[in-house]
Amino acid sequence: LIHFYKRATMRWLPVFLTLISLAYCRKVLVVLDNPLIQETHSMFLNQIKSIPGASVTIKSADDSSLALKKYGELLYTDIVLLAPTAEELSGGMTADTIVEFVDEGGNLFVAAGLETGDLVRDIASEVGVELDETGTTVIDHLNFDAKDNGLHNLVVADSANLIKSEKMVGKDNGPILYRGLGMVTDPANPLALGILTGSSSAYSHNPEEYIVDYPHAVGKNTLLIAGLQARNNARVLITGSLEMLSDAFYTSQVERAGQPSVAAGNSKLIGALLAWTFHQAGVIRIEAVDHHLAGQKDTPAFYTIREECEFSLKMSELVNGAWVPFKGEDVQMEFVRIDPFVRQKMVNKNGMLTAKFTIPDVYGVFKFKVDYARVGLTRVSASVQIPVHPLRHNQYERFIQSAYPYYASAGSMMLGVFVFSLVFLHFKEEVPRPKTE
Amino acid sequence: VHQAFVKLTHSGSNAEIIYVAEPNTNKLYSFELDMNVAAADFGSKSGVYSLSVIVGDAVISNPLSWHAADVDIALPASDQLAEPGLYEVKPEIRHVFREPDSRPPAMVSNVFSLLCLAPVLIMLAMWVKIGVNVSNFPFSITALGFHIGLAAIFVLYFYFWIELNMFTTVKYLSGIGLVTFLCGNKMLANIAQNNKSA
């Protein structure tokens, strides 16, 4: 009996192990260029480890066992690259393979620093973010911390400079301490996001050279944290300062000239941004798309023009690991045949969104389309195709007043024929009386 | 100094444009704003701009951002319609249904209805005037059959107009039509015979 039990366990062991690995749904690779980062940035690494369901692998940039794919399948779901000085990574990981990783849906968190090599620059420019050159730094003569070492590059960014999206950065953030490179994004790029900008007096330049022409970044265009949400909803976050993630900055106070000292908001902000980047926050999905005639339940095979139609779908949001009804009030639905004929807001009742409208009097093959994209949320879309028929020959309006002459003529003709046939066939001529004398 | 910037802030939208002031040989910092060249930077936002001078350097102890003046800038209006961005709510579209064709007033239809009824009414009136009868009606099965059949055909036409389709109508019509034809044929033969013998 014991022998039988042992054999059964051996059979089920692979299944058991697969189930355990499925429980860890986020596999995070952290790449360091300096092993000391594990100590200086221990709080940041703990933030990564405390993401629910995350299994974290920490490797050095020159570790020969570094690999993204094995047998053609991705080994990790997310990468944290804390290797600004690395010119290249071992294991065949180049800027191109890392960008390919993002194309396949992986999320990326990259930190640059005052000394940044070409690897991080290439990755950044692939996602639409331009880092300033090595030797430059973000300088703000009016918003620097008291602990600055003379260059005024330990800048303080107010929470007012954060992107206006609570799903990305949370709320009630304190001022952020930052020392590193400045970045810019192209304003024509709709996918790039400026998450934390410098103040109006900030600029990015080499502190030892005079400014000739124009600095790389000036004022509010100087990005301290930039991001990108790709079309496949993979998220990339780039910060120009590895130091802002350090324990020293997390635990320090912000002391500005003429203002009371406040705790730095780095830890809270980076915690929220990590959750956003690794798809724990700001993730929505569409379920249960349905359409039918108003007042009915079944989905018809086609609609006829001018019918009242109701389109509904269910949207959920991932909050703290569970899918809850999505509360957005600005979801729009389109009824499209090449171009949209109807576009209207959907009414949200606890995650069930509905829209009621009249089918246009144009026939053809239409699509119900929902394409919802908002800053900080994943982009979701759904479409259902349905034909719209014109009126059948017996669905038109009848007994129109203008037709009464025709009815009158046909009816009078039928009546006339009947009466005339009676009279004509059975009429009796009166015989004229013979004249009598 | 390291930083000598001039910042223009649009009062309505808080959009900022920053220019660098460069020193000449006498350490006098100046900057030129050629509106012909720089109009594109402003994005056609006309209005009052507050002009600030930002002076800063690592070695000076009092960096300043000094609101120097308010400048009213008028820019030519932009022709391009601002397309909604990827993340913005798009404008609503309501379909405008085609107006139905206009119809003549009811009076016109009624007048013509009466005109169409006029012939049969005039015929009845004339008949009354000249005196008309159906005294020769034989009351035989064939005569009754024919006239009732003829009436039934017209009633069938009426129902076809109201609700029947061609299939059922042809079915009924073939039945009634056959009866009416046979009756009518016999009835006419009888009449012809009566006329010949009279």
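The sequence lines fix the lettering, A, B, ..., with proteins before strands; numbering per chain opens at 1.
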Within 6.0 angstrom of A:Phe357 CZ, more than 12 heavy atoms from elsewhere: yes

Side-chain donor or acceptor of B:Asn133 paired with backbone N/O of A:Lys428 under 3.5 Å: yes

Top of A:Tyr210, A:Phe418, A:Tyr406, A:Phe144 for chain B proximity - count of heavy-atom pairs under 4.5 angstrom: A:Phe418

Euclidean distance, B:Leu86 CG relative to A:Asp371 CG, rounded to 0.5 Å: 8.0 Å

Worked verdict on B:His147 versus A:Ser421 for side chain to side chain contact (heavy atoms under 4.5 Å, CB included): CA-CA 8 Å; B:His147 287 288; A:Ser421 67; 3.8 Å; yes

Point-to-point distance, once rounded to the nearest 0.5 Å, from CZ of B:Phe5 to NE2 of A:His141: 8.0 Å

Pairwise distance CG(A:Leu425) to CD1(B:Ile191) - rounded to 0.5 angstrom: 5.0 Å

Nearest-0.5 Å distance, OH of residue B:Tyr87 to OH of residue A:Tyr372: 12.5 Å

B:Met123 CE to A:Phe420 CZ distance, which is reported to the nearest 0.5 Å: 7.0 Å

Shortest non-hydrogen contact from A:Leu142 toward B:Ser65: CD2-N, 4.0 Å

Contacts with chain B made by residues 147-156 of chain A (heavy-atom distance under 4.5 Å), listed by residue number: A:Gly150, A:Leu151, A:His152

Flag if over 12 foreign heavy atoms under 6.0 Å of OH, A:Tyr404: yes

Residue selection (most heavy-atom pairs with chain B, distance under 4.5 Å) from A:Val342, A:Asn394, A:Val417, A:Ile305: A:Val342

Neighbour count above 12 (heavy atom, 6.0 Å) for B:Phe181 CZ: no

Option in A:Asn221, A:Leu415, A:Ile400 with maximal non-hydrogen atom pairs under 4.5 Å from chain B: A:Ile400

Segment of A:Leu191 engaging chain B (4.5 angstrom heavy-atom cut-off): both

Pair B:Leu150-A:Met414, side chain to side chain contact (heavy atoms under 4.5 Å, CB included): steps then yes or no: CA-CA 10 Å; B:Leu150 188 63; A:Met414 292 203 289; over 6 Å; no

CZ/A:Arg392: more than 12 non-hydrogen atoms of other groups inside 6.0 Å: no

Neighbour count >12 (heavy atoms, 6.0 Å) for atom NZ, A:Lys327: yes

Residue part contacting chain B, namely of A:Phe399, when any heavy atom lies under 4.5 Å: side chain

Residue part contacting chain B, namely of A:Glu334, when any heavy atom lies under 4.5 Å: side chain

Between B:Val59, B:Val134, B:Ile60, B:Thr9, the one whose heavy-atom pairs under 4.5 Å with chain A are most numerous: B:Val134

Those residues that, when tested against B:Asp72, pass side-chain contact (heavy atoms from CB on, under 4.5 Å) (two or more places apart): B:Val48

Atom group of A:Tyr407 that falls short of 4.5 Å from chain B, counting heavy atoms: side chain

Under 4.5 Å from any heavy atom of chain A - which part of B:Trp161: both

Per-residue contact mode, A:Asn206 against chain B (heavy atom under 4.5 angstrom): backbone

Under 3.5 Å donor-acceptor, B:Gln3 side chain and A:Ser201 backbone: yes

Side-chain heavy-atom pair A:Pro340, B:Lys90 within 4.5 angstrom cut-off: no

Note, B:Ile93 side chain near A:Phe335 side chain (heavy atom, < 4.5 Å): no

Side chain, backbone, both or neither of A:Gln332 within contact of chain B (heavy atoms, under 4.5 Å): side chain

Most chain A-contacting option - heavy-atom pairs closer than 4.5 Å, from B:Leu121, B:Asp57, B:Leu117: B:Asp57

Residue selection (most heavy-atom pairs with chain A, distance under 4.5 Å) from B:Ile162, B:Ile153, B:Asn62: B:Ile162

Crowding at NZ, A:Lys164 (>12 non-hydrogen neighbours, <6.0 Å): yes

Side chain to side chain contact (heavy atoms under 4.5 Å, CB included) evaluation trace for A:Tyr203 with B:His2: CA-CA 11 Å; A:Tyr203 61 103; B:His2 198 240; 2.6 Å; yes

Flag if over 12 foreign heavy atoms under 6.0 Å of CD, B:Glu92: yes

Part of A:Val331 within contact of chain B (heavy atom distance under 4.5 Å): neither

Within 6.0 angstrom of B:Phe158 CZ, more than 12 heavy atoms from elsewhere: no

Closest-packed option against chain B by number of heavy-atom pairs under 4.5 Å, given A:Ala408, A:Ala403, A:Ala410: A:Ala408

From CA spacing to verdict: side chain to side chain contact (heavy atoms under 4.5 Å, CB included), B:Trp127, A:Val423: CA-CA 10 Å; B:Trp127 273 349; A:Val423 168; 3.8 Å; yes

Close contacts, residues 95-115 of chain B versus chain A, judged by heavy atoms under 4.5 Å: B:His95, B:Phe97, B:Arg98, B:Arg103, B:Pro104, B:Ala106, B:Ser109, B:Asn110, B:Phe112, B:Ser113

Most contacts with chain B, counted as non-hydrogen pairs under 4.5 angstrom, among A:Arg306, A:His205, A:Gln344, A:Lys345: A:Arg306

Positions in residues 15-22 of chain B that reach chain A, provided some heavy atom is under 4.5 Å away: B:Glu16, B:Ile18, B:Tyr19, B:Val20, B:Glu22

Partner chain B: residue of A:Gly219, A:Ser409, A:Gly416, A:Pro207 with the largest heavy-atom pair count (under 4.5 Å): A:Pro207

Expected output: side-chain A:Arg343 to main-chain B:Pro91 donor-acceptor under 3.5 Å: yes

